[in-house]
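One-based numbering along the sequence shown. First listed ligand is number 1; within each ligand, the first listed atom is number 1. Below, all heavy atoms of this structure are taken into account, side chains as well, without hydrogens, waters or symmetry copies.
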Amino acid sequence: MEPCGLTAAEMRAKLDSREISAVELTQAHLDRIEQLDKELQAFLHVCEDTALEQAKTAQRMIDSGDANAMTGIPVALKDNMITKGIPTTCASRILEGYVPPYQGTAALRLKQSGAVLLGKTNLDEFAMGSSTERSAYFPSKNPWDLERSPGGSSGGSAVAAAASLAAITYGSDTGGSVRQPAALTGVVGFKPTYGRVSRYGLVAFASSLDQIGPFARTVTDAISGFEAVMGHDPKDSTCVSMPYDSAAARIPSVRGKKLAIIKELSSDSVEQGVRDGFRAAVDKLVAEGAIVEEISLPMVEFGVSTYYIIAPAEASSNLARYDGVRYGLRVQADNPIDLMRNTRSAGFGPEVQERIVIGTYVLSSGYYDAFYAKAHRARTLMKKQMREAFEKFDAIISPTSPTVAFKLGELLGDPLALKLADLCTIPANMGGFPAISVPCGLSDGLPVGFQIVCDSFREDHMFSIALAAEQCFGKLPPPPLAT
Ligand code: GLN
């Protein structure tokens with residue numbers, strides 16, 4: 001699968017030494033997508049023409065000595081990121097055919113850096129779900145086993161990275177949607193500190209939790225993917241400029257680092273194979289000189305229940321804009337109320353409708369204090385407990401997902417089980433902390449993810465621990481269906 005199986009860093013070296021041109025590299029990826037994506041279903045839209053045009057621009061940048069880490073590197077964006085002139089559907093019928101007239105910041109920064117956008121990837125509708133089965137179009141398939149889900153909601157981007165359909169891809173993580181699919185497909189997935197990456201042009205799901213983050217096959221590539229999109233953006237008032245030491249981030253270091261295992265996230269709620277994989281990975285870190293201690297963070301157990309009040313509440317407000325008047329789908333009626341009702345009931349799938357109902361309920365007078373306000377108090381306590389842990393520890397660690405990849409259809413009838421998929425990832429969103437999932441081995445032939453969470457804006461510390469972890473866990477083989 002040369003050259004698609006190379007890491008982005010290796011592609012960079014070959015582009016710079018003129019061993020390969022940006023157009024050849026792009027064409028090789030487009031061919032691979034053509035060959036494999038009928039089965040994997042990672043992409044909702046492939047940008048053949050614009051990708052080759054961007055590759056030519058990238059080559060000019062390389063030839064004139066203006067290349068950076070991302071120039072000529074093939075990337076893909078989850079289809080909830082606004083791309084000017086390129087369809088953006090959020091995998092929803094309500095945005096079918098919507099072509100944005102403006103550029104989101106992530107897409108803009110990638111374009112400016114000379115990265116080549118191959119296409120837009122599949123997701124659970126409006127990023128609500130953990131399997132991509134909630135996409136209004138089709139589910140994506142896990143390249144480790146086509147009968148299994150790649151996780152979600154950013155499943156398409158995870159599959160594209162895992163199957164080498166793109167070098168670096170991007171997802172959004174509100175409760176785990178980058179890290180959980182990364183764990184299930186055996187790639188690195190990373191959620192930055194809330195406020196580190198602009199949300200301008202990320203279609204809002206739960207605005208106080210959403211962050212854009214990269215998928216890649218190595219930690220080093222994830223760092224490059226992150227650095228290309230991070231930093232203050234005047235178009236997002238929650239996006240700040242905070243120190244980040246790019247050189248320190250690239251030095252692997254775990255010796256003497258104090259790591260806390262969260263008891264509540266590595267116990268019975270996690271399946272045996274994942275627990276074993278996690279414990280074996282911890283032993284490897286200890287052998288490398290890490291100091292590991294088990295601690296209890298009792299509030300973390302309320303993560304899922306708190307999240308499923310706060311996220312739907314914010315979603316119910318954010319999704320009010322899809323009214324049949326301003327964007328996408330319109331189902332005609334003879335009065336405006338029916339037009340909105342018909343459009344929303346035809347355009348939104350069942351998961352989205354359920355969340356709008358729950359969100360509206362918990363925000364309504366009489367229930368607000370009992371649910372929404374209480375959830376916020378729980379969120380504050382959860383964040384406080386995690387903050388206190390960061391006073392004593394460099395990072396907190398846990399498995400990323402309580403299970404390995406599950407069969408497509410297996411959890412659809414059990415919405416609660418699907419929601420528990422984010423048990424280990426939600427606390428980092430609640431506190432706004434940066435968190436990364438690194439593959440740490442296989443359980444019954446399926447990937448297991450290892451999660452590292454650090455204090456806010458300490459991505460540099462987190463990367464250096466993740467690089468050391470990646471070295472001592474060893475590389476996974478490529479997924480059997482994408483060699
Ligand atoms: N699976 C979670 C949900 O369904 C998280 C989604 C996300 O992070 N976008 O809401």
Side-chain angles (χ1 to χ4, degrees), residues 77-81 90-92 106 121-136 139-140 149-158 169-184 189-192 194 197 199 202-215 303-316 318-319 348-359 362 375 379 400-403 405-406 411-412 414-437 449 451 453:
L77 293 174
K78 183 178 183 179
D79 203 26
N80 62 349
M81 291 179 216
C90 294
S92 179
T121 60
N122 195 26
L123 62 149
D124 291 290
E125 186 176 355
F126 282 103
M128 300 178 189
S130 302
S131 67
T132 72
E133 290 164 294
R134 292 301 190 188
S135 164
S140 298
S149 163
S153 62
S154 318
S157 281
T169 62
Y170 292 83
S172 63
D173 192 313
T174 304
S177 279
V178 170
R179 289 158 289 153
Q180 182 258 12
L184 270 45
F190 159 59
K191 179 200 88 74
Y194 183 81
V197 175
R199 288 178 297 111
L202 169 65
V203 176
F205 162 12
S207 314
S208 76
L209 300 161
D210 300 338
Q211 271 293 289
I212 291 174
F215 292 92
V304 173
S305 38
T306 310
Y307 171 87
Y308 278 99
I309 292 172
I310 292 174
E314 295 186 19
S316 71
N318 276 325
L319 270 58
F348 288 136
E351 182 73 28
V352 175
Q353 292 195 23
E354 183 189 292
R355 300 215 190 185
I356 293 172
V357 171
I358 294 174
V362 299
R379 179 179 184 176
T400 308
S401 158
T403 68
F406 42 89
L411 299 183
L412 265 185
D414 187 352
L416 212 57
L418 208 50
K419 292 187 165 65
L420 286 173
D422 294 317
L423 176 77
C424 308
T425 47
I426 280 175
N429 301 79
M430 287 298 185
F433 302 113
I436 192 165
S437 178
Q451 179 176 238
V453 186

(Q) Taking distance alone, with N or O pairs closer than 3.5 Å, would you say F205 contacts ligand 1? (A) no
Q) Does ligand 1 have an atom that lies less than 4.0 angstrom from a heavy atom of A311? A) no
Q: May I ask which of K419, K78, R355, E351 has a heavy atom nearer to atom 4 (O) of ligand 1 than the others do?
A: R355
Q.
Just to verify, which of D173, T400, D422 counts as forming a side chain to side chain donor-acceptor pair (under 3.5 Å) with R179?
A. D173
Q: Kindly identify the option in I426, D422, N429 whose heavy atom sits closest to atom 1 (N) of ligand 1.
A: D422
Q: Between S153 and ligand 1, find which residue part has any heavy-atom pair under 4.0 Å and reply side chain, backbone, both or neither.
A: side chain
Q: Specify the protein heavy atom at minimum distance from atom 7 (C) of ligand 1: its residue, its atom name, and the distance to 0.1 Å.
A: S177 OG, 2.4 Å
Q | Any side-chain donor near an acceptor of the partner, S130 and Q180, under 3.5 Å | A | no
Q. Does the side chain of F126 come within less than 4.5 Å of L319's, by heavy atoms?
A. yes
Q) If we only count heavy atoms from C-beta on, is the F205 to R355 side-chain gap below 4.5 Å? A) yes
Q | Where ligand 1 meets A127 - atom numbers and elements under 4.0 angstrom, heavy-atom basis | A | 6 (C), 7 (C), 9 (N)
Q: Considering the heavy atoms of G175, write down every atom of ligand 1 situated less than 4.0 Å from one of them.
A: 5 (C), 7 (C), 8 (O)
Q) What residue and atom, counting heavy atoms only, is the protein's closest point to atom 5 (C) of ligand 1, and at what distance? A) Y307 OH, 3.2 Å
Q. Do the non-hydrogen side-chain atoms of M81 and I212 ever get within less than 4.5 Å of each other?
A. yes
Q.
If only side-chain N and O atoms count, and only distance matters, is there a donor-acceptor pair under 3.5 Å linking S149 with S131?
A. no
Q: Tell me which part of Y308 gets within contact of ligand 1: side chain, backbone, both or neither, using heavy atoms under 4.0 Å.
A: side chain
Q) Is there a donor in the side chain of E125 and an acceptor in the side chain of S92, or the other way round, less than 3.5 Å apart? A) yes
Q | G176, any N or O under 3.5 Å of ligand 1 N or O | A | yes
Q) Between S153, S157, S177, which is the residue that forms a side chain to side chain donor-acceptor pair (under 3.5 Å) with K78? A) S153
Q: Could you tell me whether some N/O pair between G129 and ligand 1 is separated by less than 3.5 angstrom?
A: yes
